[in-house]
Amino acid sequence: MAHENKIKEYAQQAGYQPLEGRCILVRPAPDNLSEKIFSFFKSFMECDMCVLQMCGNELIFLPFHRAWGSLRKDVSLVLPYGEIQSVALEDDLLNTIITIRTDDDEIRLTTQQAALSDFRTTGLHATQYAGGYKNWHKENMAGTLKALTGLGRQQEAG
């Protein structure tokens with residue numbers, strides 16, 4: 001489990017300014033049904049999940065330990081907002097696909113929809129008990145997805 005305050009702490013220690021309530025769980029999005037099935041079974045053996053954290057000037061990705069399923073204290077990817085052309089969302093069964101287009105690449109991520117986060121295994125990574133039950137992924141989902149779709153040079157030009 002990753003506490004939201006640990007995400008903030010790790011981001012700040014790495015030199016970033018995390019935005020409050022703007023972190024969700026993501027993993028690489030499969031391209032087709034065969035890859036979805038493979039990814040489903042693979043997820044039981046290793047953790048390919050990370051936290052997407054919106055910061056003042058960039059998106060950062062904080063990975064989980066493959067073996068332990070706990071949050072690692074490093075940043076695996078940084079995407080400055082100025083390099084993002086667009087962000088698109090697409091519902092895909094029980095998940096939402098996030099497609100981030102940059103000048104040179106397209107990054108496809110999948111995130112579990114908020115309504116089912118309490119009932120899915122990956123939702124456990126966003127669960128914390130401190131003064132009561134909290135699922136920060138579920139609580140942050142709508143605001144984070146809305147903020148993500150506002151990123152990009154194509155939106156700024158419009």
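Remember, predicted model here, so these are calculated numbers, not experimental data.
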I'd like to check [X] versus [Y] (side-chain heavy atoms, cut-off strictly below 4.5 Å). Are they in contact?
{"X": "Cys23", "Y": "Asn140", "result": "yes"}
{"X": "Ile60", "Y": "Leu77", "result": "no"}
{"X": "Tyr16", "Y": "Lys8", "result": "no"}
{"X": "Ile97", "Y": "Asp91", "result": "no"}
{"X": "Thr144", "Y": "Met54", "result": "yes"}
{"X": "Thr110", "Y": "Ile98", "result": "no"}
{"X": "Ile100", "Y": "Glu106", "result": "no"}
{"X": "His137", "Y": "Thr111", "result": "yes"}

Item to complete: Kindly write out the residues that satisfy side-chain hydrogen bond (donor to acceptor under 3.5 Å, both in side chains) with Glu90, not counting sequence neighbours, or none if the list is empty.
Response: none
Can you tell me how far the [atom1] atom of [X] sits from the [atom2] atom of [Y], to the nearest 0.5 Å?
{"X": "Leu79", "Y": "Asp105", "atom1": "CG", "atom2": "CG", "value": "9.0 Å"}
{"X": "Glu139", "Y": "Trp136", "atom1": "CD", "atom2": "CH2", "value": "11.0 Å"}
{"X": "Leu93", "Y": "Gln112", "atom1": "CG", "atom2": "CD", "value": "14.0 Å"}
{"X": "Thr99", "Y": "Leu109", "atom1": "OG1", "atom2": "CG", "value": "8.0 Å"}
{"X": "Gln12", "Y": "Cys55", "atom1": "CD", "atom2": "SG", "value": "9.0 Å"}

Of all the heavy-atom pairs spanning [X] and [Y], show the shortest one and how long it is.
{"X": "Gln85", "Y": "Thr102", "result": "CD-O, 3.8 Å"}
{"X": "Cys50", "Y": "Phe61", "result": "SG-CD2, 3.8 Å"}
{"X": "Glu4", "Y": "Gly21", "result": "OE2-CA, 3.9 Å"}

Practice prompt. Step through the shown structure and confirm whether more than 12 heavy atoms of other residues, nucleotides or ligands are within 6.0 Å of CD on Glu9.
Written response: yes
Response to the item:
Applied to residues 52-63, the side chain to side chain donor-acceptor pair (under 3.5 Å) test, sequence neighbours excluded, yields none
